[in-house]
Peer 1: 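One structure, pasted below without further comment.
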Amino acid sequence: MAIPKVKLPADARPDTLAVREGLPPSQYGENSEALYLTSSFVHPDAATAARRFANEEEAFVYSRFSNPTVTMMERRLAAMEGTSGCIGTASGMASILMLILGLLKAGDHVVCSQSVFGSTLKLFQDFAKFGIETSFVSQTDVAQWRAAMRPNTKLLFAESPTNPLTEVCDIRALADIAHGGGALLAVDNCFCSPALQQPVKLGADLIIHSGTKYLDGQGRVIAGAVCGPEELIETKFVPVMRSAGMSLSPFNAWVVLKGLETLSIRMQAQSERALTLAQWLEAQPVVERVYYPGLASHPQHALAMAQQSGSGGAVVSFIVKGGREGAFTTIDATRICSITANLGDTKTTITHPASTSHGRLSEPQRQAAGIVQGMIRVAVGLDDVEDLKADLQNGLAQLA
Ligand SMILES: *Cc1c(COP(=O)(O)O)cnc(C)c1O
C-alpha cells in the first residue's frame with residue numbers, strides 16, 4: 001500500500017489546494033476530511049508489518065510518526081508554501097526544536113535575527129550547552145548577517161515581520177548569504193502565513209510555522225510544522241520525530257487542516273482591517289508612532305510590499321503618550337478587544353509587550369530592542385474595524 005494522492009489538475013491554484021489537498025476520502029466517501037483518532041494501525045500479516053517497520057513499504061504504522069489526518073494537514077500546508085514536504089509538530093516551538101535536532105550537531109554555528117520570537121531566542125541560546133553556538137544579528141542590516149558567517153555556519157534563522165515591531169528582513173538577500181556559505185535559511189512564516197508570503201519563492205530552504213496562530217486562525221489549538229524539500233524532511237526530520245516524539249495530535253492537525261481552508265480570505269480581510277486601523281491610529285494626536293509594514297512611514301515598507309503580496313499583515317503596534325500608564329489606560333478601556341498575548345485569532349487581541357511577551361527582559365534590553373513602555377500591540381481579527389476604532393478611542397480620549 002503506497003499512500004495515495006488526491007486527484008487534482010497539476011495546475012490547480014492555491015485557493016483550490018487550500019480546500020482539497022490532502023489524502024483521498026476513505027471508502028465511505030466523506031466530503032469533509034476524517035479525523036483518525038487512533039494510536040496505531042493494523043497490518044494484514046506479520047510479514048507486511050515487518051516490511052512497514054523497516055520502511056520498505058509505505059503505510060501508516062503508529063501515530064507518533066504517521067497518521068492520515070496529520071498527513072492531510074502536512075500535504076495541504078506544503079502545497080500552500082510551495083514545498084515538496086512538510087512535517088507537523090506539537091507546537092511552533094517543537095518545530096524549531098525539530099529543526100535544530102535534525103540539522104545541527106556540536107561544533108555547528110547558527111546566525112539568527114536578534115528580533116525573533118522570545119522563546120526562539122531562548123531555545124537557540126540553550127543549545128550553547130550542547131556545543132551549538134548562535135550569533136544574534138540585526139533583523140534589517142544584511143551586512144551584519146554576512147559578517148557573522150563562519151566556516152562552520154550551518155543555519156540562518158529569520159522571522160518576518162517580527163513581533164511586536166513588525167521589522168521586515170530581506171529574505172532573498174539572506175538566502176544568498178546562506179547559500180554562499182554552504183548553509184540553509186529557515187524562515188518563521190508565522191506572521192504572514194503562506195497566504196501572503198512564500199519564503200521558498202525568495203530562496204528560503206525551510207519554513208517554520210506556529211499553527212497556533214493564523215493557520216488555525218481561531219485560537220483553538222497549539223500546533224506547528226516544518227516545511228521544506230521532501231528529501232530533507234524524510235532523511236533529517238522524520239527520524240527525529242520517530243525517536244523524540246514531538247508529535248502533532250490528529251485532533252489538532254484536523255483543526256488546523258480545516259483552518260487552512262479559510263486562511264487566504266481571513267488573512268485578506270484581517271489585513272485590510274489592520275491597514276484601516278493603522279492609518280486611523282497614525283492620525284491620532286496621542287499616538288506617537290505606529291509600526292505597520294503597510295504604512296508608507298514603515299522603514300521597510302517597499303520591501304514588505306514586495307515580499308508580502310502587497311499586504312502589511314494583520315498585526316499593528318503603536319506607542320501612546322504617557323508611557324506604561326497611557327498604555328494600560330488604553331488597554332483597560334477596551335470592551336471588545338481580548339487582552340491576551342496570543343495572535344492570529346478572528347477575535348482582535350490587545351497586549352502590552354513590555355510587561356507580557358517581553359516582560360522577562362531587563363529595562364535596558366527592552367530599550368535596546370525598541371520595546372518601550374508606551375507600546376501596545378493589536379492583532380487585528382475579523383471584528384468590524386469601526387468598532388475597533390471606537391474601542392481604542394475610549395482610552396486614547398483619556399490621554400489627550
Ligand atoms: C507563537 C510563535 C511561535 C511559537 O509557537 P507555539 O505554537 O506557541 O509553540 C514561534 N514563532 C512565532 C513568530 C510565534 O508568534
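Numbers for residues simply follow the sequence, beginning at 1.
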Peer 1: Has the side chain of W145 got a donor or acceptor atom that lies under 3.5 Å from a matching backbone atom of S138?
Peer 2: yes
Peer 1: Do D188 and H209 pair up side chain to side chain, a donor and an acceptor below 3.5 Å, judged on atom types alone?
Peer 2: no
Peer 1: Would the distance check show the side chain of D205 and the main-chain N or O of L184 forming a donor-acceptor pair, the cut-off being under 3.5 Å?
Peer 2: no
Peer 1: In the structure I gave you, are the side-chain heavy atoms of T83 and L77 within less than 4.5 Å of one another anywhere?
Peer 2: no
Peer 1: Could you go through residues 9-20 and list every donor-acceptor pair under 3.5 Å that involves a side-chain atom there, pairing it with any protein atom two or more places apart or in another chain?
Peer 2:
| from | atom 1 | to | atom 2 | distance (Å) |
| --- | --- | --- | --- | --- |
| D15 | OD1 | S264 | OG | 3.4 |

Peer 1: In terms of hydrophobic clusters joined by side-chain contacts under 4.5 Å, are F136 and F157 together?
Peer 2: yes
Peer 1: What are the two closest heavy atoms between S95 and A225, and how far apart are they?
Peer 2: CB-O, 3.5 Å
Peer 1: Verify the neighbour count for atom NZ of K389: are there more than 12 heavy atoms of other residues, nucleotides or ligands below 6.0 Å?
Peer 2: yes
Peer 1: Rounded to the nearest 0.5 Å, what's the gap from CG on L257 to CD on E21? Could you check?
Peer 2: 10.5 Å
Peer 1: Indicate whether the side chain of N189 and that of Q197 have a donor and an acceptor atom separated by less than 3.5 Å.
Peer 2: yes
Peer 1: Can M72 be reached from L263 by stepping across I, L, V, M, F, W or Y side chains whose heavy atoms are under 4.5 Å apart?
Peer 2: yes
Peer 1: Decide if the gap between the ring center of F127 and the ring center of F124 is smaller than 6.0 angstrom.
Peer 2: no
Peer 1: Any pair with a residue in residues 96-110 that passes salt bridge (charged side-chain N to carboxylate O under 4.0 Å, His left out), sequence neighbours left out, goes on the list, sorted by first then second residue, please.
Peer 2: K105-D108, D108-K154
Peer 1: Is any side-chain heavy atom of L388 closer than 4.5 Å to one of C337?
Peer 2: yes
Peer 1: Nearest 0.5 Å, please: how far is OG1 in T356 from CD1 in I339?
Peer 2: 11.0 Å
Peer 1: Tell me yes or no: between the side chains of Q300 and Q307, is some donor less than 3.5 Å from an acceptor?
Peer 2: no
Peer 1: So which pairs with a foot in residues 281-300 pass ring-ring contact (aromatic ring centres under 6.0 Å, His included), sequence neighbours left out?
Peer 2: none
Peer 1: Enter the distance from L35:CG to S249:OG here, rounded to the nearest 0.5 Å.
Peer 2: 8.5 Å
Peer 1: Which pair of heavy atoms, one from G85 and one from I233, lies closest together, and at what distance?
Peer 2: C-CG1, 3.9 Å
Peer 1: Is it true that the side chains of T120 and E159 contain a donor and an acceptor less than 3.5 Å apart?
Peer 2: no
Peer 1: Does V320 belong to the same Ile/Leu/Val/Met/Phe/Trp/Tyr cluster as L165, with side-chain heavy atoms less than 4.5 Å apart forming each link?
Peer 2: no
Peer 1: For M375, is there any backbone N or O sitting under 3.5 Å from a side-chain donor or acceptor partner on R324?
Peer 2: no
Peer 1: For F65, does the CZ atom have more than 12 heavy-atom neighbours from other residues, nucleotides or ligands under 6.0 Å away?
Peer 2: yes
Peer 1: Between D216 and V255 (side chain of the first, backbone of the second, donor and acceptor by atom type, cut-off under 3.5 Å), is there such a pair?
Peer 2: no
Peer 1: Is the closest side-chain donor-acceptor distance between E167 and S115 under 3.5 Å?
Peer 2: yes
Peer 1: So which atom in H301 and which in G294 form the shortest heavy-atom distance, rounded to 0.1 Å?
Peer 2: CE1-O, 3.4 Å
Peer 1: Examine distances only and state if a side-chain atom of N67 and a backbone atom of Y36 form a donor-acceptor pair shorter than 3.5 Å.
Peer 2: yes
Peer 1: State the SG-CG distance between C169 and L303, to the nearest 0.5 angstrom.
Peer 2: 7.5 Å
Peer 1: For E57, is there an ion pair with R52 - N to carboxylate O distance below 4.0 angstrom?
Peer 2: yes
Peer 1: By the definition side-chain contact (heavy atoms from CB on, under 4.5 Å), identify the one residue from V385, L277, T276, L275 that meets it with V380.
Peer 2: L277
Peer 1: Check the side chains of R335 and N394 for a donor-acceptor pair under 3.5 angstrom, ignoring hydrogens and angles.
Peer 2: no
Peer 1: Using a strict threshold of under 4.0 Å (side-chain N to carboxylate O), is an ion pair present between E231 and K236?
Peer 2: no
Peer 1: So H352 and F328, would you call those rings parallel, tilted or perpendicular, with 30° and 60° as cut-offs?
Peer 2: perpendicular
Peer 1: Answer yes if L399 and V290 sit in the same cluster of Ile, Leu, Val, Met, Phe, Trp and Tyr residues linked by side chain heavy atoms under 4.5 Å apart, and no otherwise.
Peer 2: yes
Peer 1: Distance-only, no hydrogens or angles: does the T89 side chain make a donor-acceptor pair with backbone N or O of A94 under 3.5 Å?
Peer 2: no
Peer 1: Show your working on side chain to side chain donor-acceptor pair (under 3.5 Å) between E33 and T69 and close with a plain yes or no.
Peer 2: CA-CA 8 Å; E33 294 79 359; T69 309; over 6 Å; no
Peer 1: When clusters are formed by joining ILVMFWY residues with side-chain heavy atoms under 4.5 Å apart, either directly or through shared neighbours, do L260 and Y214 land in the same one?
Peer 2: yes
Peer 1: Donor-acceptor pair, distance only, cut-off 3.5 Å: does the side chain of R273 make one with the backbone of A269?
Peer 2: yes
Peer 1: Any donor-acceptor pair under 3.5 Å linking the side-chain atoms of Q125 with those of K122?
Peer 2: no
Peer 1: Assess the side chains of T329 and E325: does a donor N or O sit below 3.5 Å from an acceptor N or O?
Peer 2: no
Peer 1: Using side-chain heavy atoms (C-beta onward) and a distance below 4.5 Å, is F191 in contact with L196?
Peer 2: no
Peer 1: Answer with yes or no whether the side chains of S32 and K258 bring together a donor and an acceptor at under 3.5 Å.
Peer 2: yes
Peer 1: Spell out, as yes or no, whether a donor-acceptor pair under 3.5 Å connects the side chain of S247 to the backbone of R64.
Peer 2: yes
Peer 1: Hey, are the side chains of M241 and M98 touching, using non-hydrogen atoms and a 4.5 Å cut-off?
Peer 2: yes
Peer 1: Just by distance, with hydrogens left out, do H109 and T153 show a side-chain donor and acceptor under 3.5 Å apart?
Peer 2: yes
Peer 1: Side chains of N342 and T349: is there a donor and an acceptor less than 3.5 Å apart?
Peer 2: no
Peer 1: Spell out, as yes or no, whether a donor-acceptor pair under 3.5 Å connects the side chain of E58 to the backbone of I3.
Peer 2: yes
Peer 1: What pair of heavy atoms forms the shortest contact from R366 to G359, and how long is it?
Peer 2: NH1-O, 3.6 Å
Peer 1: Would you call D176 and R172 a salt bridge, using N to O less than 4.0 angstrom?
Peer 2: no
